[in-house]
Amino acid sequence: MHTVIDRAQLSPNVTRLVIEAPRIAEIRKPGQFVIVHRAPGAERIPLTIADADPDRGTITLVIQAVGKSTEDLVALQPGDAIADVAGPLGKATDLIDHGRAVCVGGGVGTAVVYPIALGLAARGVEVISVIGGRSKEWVIFEDELRRAGEVITCTDDGSYGRPGFVTDALRDVIEAGGVDAVYAVGPVPMMRAVAEVTRPYGVPTFASLNAIMLDGTGMCGGCRVAVGGKTLYACVDGPEFDAHQVDFRQLADRLGTYRDFEAHATELAHRRRAAAQEEAPLHAPEGSCLIPGLAATAERQEAAAAAGDRRE
Amino acid sequence: MTDQSTPTPETGDPGASHGDSTFTPAFDHPLSPKERMTIDRSHMPEQDALLRAANFREVNLGYSQQLAMLEAERCLQCKNPVCIDGCPVRVNIPLFIERLRVGDMDGAAASLLDDNALPCVTGRVCPQEIQCEGRCVRAKKGASVAIGALERFVADWAMEHPDRPKAAAVTSSGRSVAIVGSGPAGLTAAGELVKKGHDVTVFEAFHAAGGVLIYGIPEFRLPKDIVQQEVDRLVASGVKIETNAIIGRTYTLRELRERFDAVFLAVGAGLPVFMNVPGENYKGVYSANEYLTRVNLMGAWNAESDTPVLRGHRVVVVGGGNVAIDSVRTAKRLGADEATLVYRRGMAELPARVEEVHHAEQEGIHFELQVAPLEVIGDENRWVSGIRSIRMELGEPDASGRRRPIPIEGSEFVIDCDMVVVAIGTRSNPLLTASEPDLALNQAGYIVTDEHGMSSLPGVFAGGDIVRGAATVILAMGDGKRAAGSVDAWLRGEYPPVDETLVAASSAAGN
């Protein structure tokens with residue numbers, strides 16, 4: 001069992017959990033991940049290790065609540081326990097050892113790029129972090145990343161930092177010259193856009209892929225991704241790959257395999273929770289959850305409502 | 001003798017009620033071999049095919065006590081029991097059957113458990129028809145003794161009576177062994193080594209022990225609580241199990257060699273093999289490993305599980321082995337209207353266990369034989385919509401002795417489907433082996449061992465699929481048992497060991 005030591009809400013749907021995992025804390029390297037299995041009956045979820053403290057024997061996980069399984073995970077409070085944490089898995093990031101690197105983080109990916117930025121800084125690489133979010137409240141890990149170097153913060157709505165997407169800021173940094181590598185972690189469209197920005201400049205670019213996986217050891221093949229026309233496994237060959245070679249469309253596509261299932265599960269979980277609090281009827285109109293569009297809308301509304309609750 | 005309050009007579013009248021460690025023989029006088037030959041093989045009771053195709057409960061229901069006692073009478077107690085030669089773990093088959101026949105359940109269970117660490121498992125999943133039962137002399141004239149069904153009966157009885165037979169107390173050897181992998185090879189070796197007084201720790205990458213027994217073989221063929229009980233029995237006997245430990249990641253092999261006096265590698269052949277045809281990464285294409293793991297280990301067949309699995313209406317499973325049959329029967333149980341097995345050779349060449357093929361046919365599984373897939377077709381949203389295939393004819397036997405499939409020109413056709421499961425085999429996983437450059441591998445990435453199971457690293461043994469390539473549960477168990485003998489000899493400083501096949505054969509002959 002792995003006890004939750006600390007919990008913090010970083011943005012409306014991003015939570016930081018610090019958990020006991022002494023062995024993993026001792027040996028993990030930047031870019032590696034763990035598979036978390038909260039309890040019997042729960043899903044196995046791959047999560048990148050955002051930070052580790054070998055002295056305390058803890059690792060930090062930063063989790064975006066996107067469905068029932070992640071919501072259950074972020075609902076854990078200090079003192080609660082996670083049944084299983086397996087790892088560290090995946091290859092460590094291929095860190096350059098001199099020059100200048102840009103670390104691009106979008107949303108929860110900002111937490112994932114943080115250990116990479118620290119690893120680079122520790123090697124004497126000059127690090128510029130370009131991070132972003134929809135608006136100010138969605139920006140995370142800004143202070144942490146300052147420990148590695150300069151941070152350029154972008155918001156889509158201009159409510160904080162530089163208005164616009166991270167790709168715009170990245171282009172300016174690259175134009176200024178001297179960039180030896182780019183590390184990008186974030187939503188698939190962001191990573192794809194980063195790859196397109198850096199491609200004309202020939203700057204080596206690495207993307208950390210969040211494919212669907214079960215075991216994390218190469219055994220299920222669910223995380224297969226097309227890289228340079230070859231099928232590779234994100235769990236053992238990655239999770240980081242040459243972003244210029246990755247078939248992002250296929251990745252986005254495969255990530256959508258269980259979208260309907262997840263929408264149903266999330267909707268059901270929300271209704272059960274609401275019913276438990278006697279705030280809403282248990283039964284929605286019959287058949288409604290079989291319509292993906294409806295379920296997705298319901299999920300968004302529920303998520304927005306839940307996010308609103310947490311902000312209080 | 002028994003902890004039951006019911007008195008247990010030494011001998012009993014037929015039909016009388018007894019305590020449950022002693023059963024009454026089926027006949028009140030010993031039968032002559034001629035009389036034994038007149039008894040027909042008892043059929044294994046099973047769930048009705050229509051019913052079971054819609055649930056995950058076990059298909060085979062097991063012999064009743066009466067059926068078992070009657071079947072036990074069919075064994076001729078051969079002077080030269082060739083059935084034992086057919087068994088990879090060399091269970092003394094006539095001995096446990098004779099003890100069962102006379103009603104000595106404690107004795108039967110003790111004998112069986114002494115030879116076989118996982119009898120509840122092997123009684124259910126062994127391909128008996130090509131092993132013990134295939135050698136049985138009664139098979140020459142009619143049906144063999146139902147050895148598998150009798151093994152299952154005795155093993156299940158033992159499981160329900162965990163207090164008996166009492167395991168003899170062992171004195172600690174002061175030596176420690178790390179076993180990597182908790183599948184059939186690892187668990188068997190663990191059971192054997194702990195019996196010899198060694199301190200055994202099993203490392204498992206998943207969150208639960210059992211390997212293929214829990215992630216691969218479905219509930220309806222091998223209930224997971226049965227596997228858990230087998231694991232629990234090993235733990236009760238002193239085996240330690242560390243889950244979530246991936247050797248090559250969480251610990252290195254080098255660390256294990258420093259911490260333990262010997263290591264046994266039984267990590268299986270875990271990587272799925274894909275067809276390497278276009279369209280294989282469309283949504284709705286699974287490896288059998290992923291499909292079965294979602295359903296079995298993660299319990300996706302059960303509504304209470306958070307793990308999703310696709311429930312195709314028209315499912316195609318590619319392959320012809322036990323894993324393919326398990327997958328296609330699983331799809332049927334998850335609601336597929338059409339569950340089709342696509343195999344490039346014919347019915348006679350299907351490598352799956354005969355009983356499973358038979359059960360699959362009864363359950364309405366459709367067989368597309370002598371057909372090979374060429375391409376997975378996707379719809380506009382890149383979901384699987386079909387599988388373009390070609391018909392095959394069978395030519396001359398190839399190196400494997402099976403007739404070689406040859407494509408028939410112009411016979412291409414499309415099987416419409418919304419899900420595909422690829423079950424054409426597995427290969428070695430380099431996660432552990434690649435982390436130790438001094439560990440000798442063959443060209444296919446499997447570990448090379450000497451004839452006693454030791455790898456190129458002194459004190460590091462290997463067995464099961466990571467040495468022989470993908471095979472059966474019982475062959476892995478045979479490797480585990482043999483390796484345990486070698487590890488024990490190594491720990492006692494008596495390596496290489498005496499050939500235990502000869503030892504077992506001579507002791508069997510003496511009985």
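Note on naming: letters A, B, ... go to the chains in the order of the sequence lines (proteins, then strands), and numbering restarts at 1 for each one. Everything numeric here is computed off the predicted structure, so don't read it as measured data.
- Side-chain contact between Tyr282(B) and Arg254(A): absent, with no pair of heavy atoms (C-beta onward) separated by less than 4.5 Å.
- Ranked by non-hydrogen atom pairs under 4.5 Å with chain A, the options Pro308(B), Ala208(B), Ser305(B) are led by Pro308(B).
- Below 30°, between 30° and 60°, or above 60°: for Phe274(B) and Tyr233(A) the angle between ring planes is above 60°, a perpendicular geometry.
- The most heavy-atom pairs under 4.5 Å with chain B, out of Glu43(A), His37(A), Met219(A), come from Met219(A).
- Looking at Leu271(B), the atoms closer than 4.5 Å to chain A (heavy atoms on both sides) sit in the backbone and in the side chain alike.
- Ile212(A) touches chain B through its side chain: at least one heavy atom from C-beta onward sits under 4.5 Å away, while N, CA, C and O do not.
- The main-chain N or O of Phe206(B) is never found under 3.5 Å from a side-chain atom of Asp215(A) such that the two would form a donor-acceptor pair.
- Interface summary for chain A: among Glu280(B), Arg294(B), Met298(B), the most heavy-atom pairs under 4.5 angstrom belong to Arg294(B).
- Remark: Asp225(B) CG is packed, more than 12 non-hydrogen atoms of other residues, nucleotides or ligands lying under 6.0 Å away.
- Only the side chain of Ile27(A) comes within contact range of chain B, judged by heavy atoms closer than 4.5 Å.
- Arg382(B) is not listed as a side-chain neighbour of Gln250(A), based on a closest heavy-atom distance of 4.5 Å or more.
- Heavy-atom distances place the backbone of Asn381(B), and not its side chain, under 4.5 Å from chain A.
- Of the atoms belonging to Arg28(A), not a single heavy atom falls under 4.5 Å from chain B.
- Interface residue Val309(B): only backbone heavy atoms are found under 4.5 Å from chain A.
- Across Asp253(A), Thr257(A), Leu214(A), the residue that shares the most heavy-atom pairs under 4.5 angstrom with chain B is Asp253(A).
- Asp247(A) does not touch chain B: none of its heavy atoms, backbone or side chain, sits under 4.5 Å away.
- Most heavy-atom pairs under 4.5 Å with chain B, from the set Ala226(A), Gly218(A), Gly256(A): that is Gly218(A).
- Options Thr243(B), Thr426(B), Val285(B), Leu297(B) differ in how many heavy-atom pairs under 4.5 Å they form with chain A, and the most are formed by Val285(B).
- Of the two parts of Leu310(B), the backbone and the side chain both hold a non-hydrogen atom closer than 4.5 Å to a non-hydrogen atom of chain A.
- If you measure heavy-atom distances from Tyr251(B) to chain A, the contacts under 4.5 Å come from both the backbone and the side chain.
- A pairwise comparison of heavy atoms in Ala205(B) and Thr217(A) identifies CB-CG2, 4.5 Å as the closest pair.
- The most heavy-atom pairs under 4.5 Å with chain B, out of Pro88(A), Ala265(A), Ala269(A), Gly222(A), come from Pro88(A).
- Of the listed residues (Glu304(B), Lys283(B), His207(B)), the greatest number of heavy-atom pairs within a distance under 4.5 Å of chain A belongs to His207(B).
- Between Glu255(B) and Arg23(A) there is a salt bridge, since a side-chain N of the basic residue sits under 4.0 Å from a carboxylate O of the acidic one.
- A donor-acceptor contact under 3.5 angstrom links the side chains of Arg224(A) and Asn281(B), judged on distance only.
- Under the 4.5 Å side-chain criterion, counting only non-hydrogen atoms from C-beta, Asn244(B) is not in contact with Val85(A).
- With Ser287(B) contributing its side chain and Cys220(A) its backbone, the two residues share a donor-acceptor pair below 3.5 Å.
- At least one side-chain heavy atom of Asp306(B) sits less than 4.5 Å from a side-chain heavy atom of Ser69(A).
- The distance from atom OG1 of Thr307(B) to atom CZ of Phe261(A), rounded to the nearest 0.5 Å, is 7.5 Å.
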